[in-house]
Amino acid sequence: MTSLESIGKIRNIGIVAHIDAGKTTTSERILFYTGKAYKMGEVHEGTAVMDWMVQEQERGITITSAATKCHWRDCDINIIDTPGHVDFTAEVERSLRVLDGAVVVFCAVAGVQPQSETVWRQANKYHVPRVAFVNKMDRIGAGFEKVLEQVRTRLGSNPVAMVLPVGVEDSFHGHIDLVTMKAHLWEESSAKTFGSEFVICEIPEEYSERALIAREALIDALSTENDEILELALEDKDVPEELLRKAIRENTISNKIVPVYCGSAFKNKGVQDLLDAVTYYLPSPLDIPAALAYEIDSHEEVKIESDPEGPFVALAFKIATDPHVGSLAYLRIYSGSIESGKVVYNVTRDGRKERIGRLLQMHANQRQDVSKAVAGDIVAVVGFKAVGTGDTIASVAKTSTLEKITFPETVISVAIEPKTQADLSKLTEVLSALMNEDPTFKAKIDSDTGETLISGMGELHLEIIVDRILREFNVKASVGKPQVAYKEGITQVASGCCTYERQIGGKNQYAEVKVSVSPLERGKGFVFINKVVVSKADSKEFNLNNFFKSIENGCQDAMNDGILIGYPLVDVCVTLNYAAGREGESNEVSFKIAAYEAVKDALRKAGAVLLEPYMKVSIETPEQYMGDIIGNLNSRRGKVINMEMRDDIRVIECHSPLSDMFGYSTQLRSLSQGRATFTMELLHYDEAPKAVVERILGVNSYCFQSQAEASF
């Protein structure tokens, strides 16, 4: 088999879904049926192979994405099992960034849930082809057609049923394959083999008519994109199985359809057909478009083909700390090949030289040494000194960089204080390792109080981080109450200037900068516009072009320290209107300081306001508790945006400030006798009301602003 043929047999897939839809249980069945695991792990027993962290086993949830490799039919399948909780959405983001396909698991009872929509949007962002698996078909209230309709309406996709369920709820025992038109039935005898063996037989008579209708719907969906199938359908001729599979594969890879399967992973039904679908319909590294990269100097787009003979290029998409081998860097190889002991370069970090110590094939937290990895592979590397998430690793020091992974901002923080001096130095190392491992985790020292603040995506995220610090890394520390990560913004256009003139070490330093600041729409971040045009005559006398980057950096630094309290400023446009320097007296530092002071001068006049994070909260509750829940949301400054009925469950969507949502999980359990659930994710930052500003400032906000304006 040639190198390209072997790459064509690779499938890099992720298993994604809402929390508790059955991702990890499905992964465990896949490992068992492919022979990777000799027994099935169970999430509720804490024995799932893919949930290897102590915190995952105790809580029965997935926290970190776990990678493994297995073999089915003639394909090697790299699987990443991702978390479903919204606090760990970054794990899904970076996994989908490097994967070629995804299996989206839906609960047959709950259907499309809030986090299902989030992961679907993430998959759309990276154009990842998908196969859907409707799980828990044996549960009361399960509905295959209902989920298909929700995928169509809520997710705006084109789901196409590949199977027809046989039996419903507790009588569910198999399905009819609409491609082969055979029934796959899991009888009582199959329970002894844990679902490994099932009966393939003719379609039961009572299902024959429904199966023909479902098959026609499948052919109709494909005929709109395939002329050969359309011609056969118009002539009332049977469509060959091979042609059907080819058309399904083409349309799945181009994201025109989503093949949908069903089963019950916990009851060991339907997983083998899902594995078949992964090998038949999801793409290999050769089927997806070439990876986009950008030239370092010109920023021009470069396409990197999946070629094992080409130059080595890979993306470090995950950093993990292993107690046995130290820091692990997970790589997705896009081009070329790599062997242990070879020297590579971190292109993102100025071509820093790195050496491949060991190449590992990961199976959750277990490791297997491999001597070589090629384009299309996902492997872990031991031996890198300074590699972060999103770094491009290549065989050439100066080459193009792959597109980086973007992560959401942190919204919540807590203070952590080590108990002894020895714990202080240890905590510093641990926080640095955790920040490298998790891009959505931040740690900093508060300049006013001297406290160490750690920030994350939510209460559960920080709870897990703190638990790891105390138990896994054995650091003795005290932790404060959660705090909101406020930001600041401006409401007016204002101008500022600074003439920086100093004598340092007997040398004169000079720079003059004039800027204006203006507010942007919420969520736009920071924008720098340079309106200074340097003429050829000016460039001969003193070349300003060399200092524009320093001016921009000075402007960005000014955004980090707010005007009101010191929170970072966001959604601000800074326009550079004038800059001047002198030959021999101006340098990068003087321009950076002048820009910083000029922006600060403008911001003080721009009507600074406090911004607080607003969350999108989605609650699923039985109808009898709805009144109490809405009343409680109103008391938390929540605004109900939408309500809908899904079977006997009411879904309430509201927007609420994060500061009023602390401890909500406990109160919701109390209000609904433990029957309601909710998810919460960052929506946007918006201006905080006067009462909140007064509470945070500790004084009357009007007086504070008046005094502040008077002092300047």
Side-chain angles (χ1 to χ4, degrees), residues 86 89-90 93-94 97 118 121-122 124-126 292 294 299 348 388-390 401-413 435 438-444 453 455-458 484-496 513 515-531 548-577 592 595-616 655 657-658 681-688:
V86 70
T89 191
E93 183 84 23
R94 62 180 171 190
R97 167 66 178 81
T118 303
R121 285 197 305 271
Q122 288 171 312
N124 285 342
K125 177 180 173 183
Y126 296 114
L292 281 180
Y294 300 90
H299 301 291
T348 309
T389 301
T401 59
L402 291 158
E403 191 175 0
K404 291 202 71 142
I405 312 169
T406 55
F407 297 102
E409 285 286 315
T410 57
V411 295
I412 185 172
S413 59
M435 278 195 288
D438 184 352
T440 58
F441 171 69
K442 300 281 184 286
K444 67 172 185 177
L453 296 176
S455 307
M457 297 301 298
V484 177
Y486 291 99
K487 294 192 187 311
E488 294 180 22
I490 58 173
T491 56
Q492 301 163 20
V493 176
S495 298
V513 173
V515 299
S516 59
V517 297
S518 56
L520 294 173
E521 283 181 44
R522 294 288 169 245
K524 293 295 182 184
F526 169 76
V527 174
F528 178 77
I529 299 173
N530 181 7
K531 286 193 174 178
F548 285 139
K549 190 63 183 174
S550 298
I551 293 171
E552 184 179 348
N553 290 339
C555 295
Q556 280 185 313
D557 287 348
M559 297 294 111
N560 295 330
D561 308 312
I563 300 301
L564 287 176
I565 318 169
Y567 291 116
L569 279 129
V570 292
D571 307 330
V572 177
C573 174
V574 176
T575 304
L576 177 64
N577 298 316
K592 189 173 181 180
Y596 179 92
E597 294 298 339
V599 172
K600 283 295 182 189
D601 180 38
L603 291 172
R604 292 183 190 113
K605 309 167 192 170
V609 290
L610 187 71
L611 304 177
E612 64 175 340
Y614 275 74
M615 312 301 286
K616 179 184 175 184
H655 299 166
L658 175 62
E681 61 181 311
L682 178 65
L683 182 68
H684 59 227
Y685 273 82
D686 214 338
E687 191 172 336

Rounded distance (nearest 0.5 Å) linking atom [atom1] of [X] with atom [atom2] of [Y]:
| X | Y | atom1 | atom2 | result |
| --- | --- | --- | --- | --- |
| F407 | T440 | CZ | OG1 | 7.5 Å |
| E687 | L611 | CD | CG | 7.0 Å |
| C573 | I490 | SG | CD1 | 9.0 Å |
| E93 | Q122 | CD | CD | 4.5 Å |
| M457 | T410 | CE | OG1 | 7.5 Å |

Please enumerate all residues that pass side-chain contact (heavy atoms from CB on, under 4.5 Å) together with [X], with sequence neighbours excluded.
| X | answer |
| --- | --- |
| Y294 | L292, E301, E403 |
| V484 | Y486, P613, L658, S659, F662 |
| A485 | Y685 |
| M559 | F526, L569, V572, V574, V599, L603 |

Exercise. Angle class for the H655/H684 ring planes (parallel below 30°, perpendicular above 60°, tilted otherwise)?
Worked result: perpendicular

Holding to side-chain hydrogen bond (donor to acceptor under 3.5 Å, both in side chains), I want the full list of residues that pass it with [X], two or more places apart in sequence or in another chain.
| X | value |
| --- | --- |
| T401 | none |
| S516 | N577 |
| E552 | none |

For this session: Could you go through the side-chain contact (heavy atoms from CB on, under 4.5 Å) check for T406 and K125 one step at a time?
Result: CA-CA 11 Å; T406 55; K125 177 180 173 183; 3.2 Å; yes

Contact between [X] and [Y] at the side-chain level, heavy atoms closer than 4.5 Å - yes or no?
| X | Y | answer |
| --- | --- | --- |
| M615 | L682 | yes |
| F528 | Q556 | no |
| I405 | Y126 | yes |

Listed partners of [X] passing salt bridge (charged side-chain N to carboxylate O under 4.0 Å, His left out), at least two apart:
| X | answer |
| --- | --- |
| K442 | none |
| K600 | none |
| E612 | R637 |
| K444 | none |

For [X] versus [Y], what's the shortest heavy-atom pair and its separation?
| X | Y | answer |
| --- | --- | --- |
| V517 | A606 | CG2-CB, 4.0 Å |
| S518 | V493 | CB-CG2, 3.8 Å |
| L520 | G525 | CD1-O, 3.8 Å |

For this session: Give a yes or no on whether the backbone of K524 and the side-chain of D571 come within a donor-acceptor separation of less than 3.5 Å.
Result: yes

Exercise. Between R97 and L402, is a side-chain contact (heavy atoms from CB on, under 4.5 Å) present by the stated rule, with each step listed?
Worked result: CA-CA 11 Å; R97 167 66 178 81; L402 291 158; 4.1 Å; yes

Would you list the atom pairs, donor with acceptor, under 3.5 Å between side chains in residues 561-568 and any protein atom, with sequence neighbours excluded?
{"unit_1": "D561", "atom_1": "OD2", "unit_2": "Y596", "atom_2": "OH", "d": "3.1"}

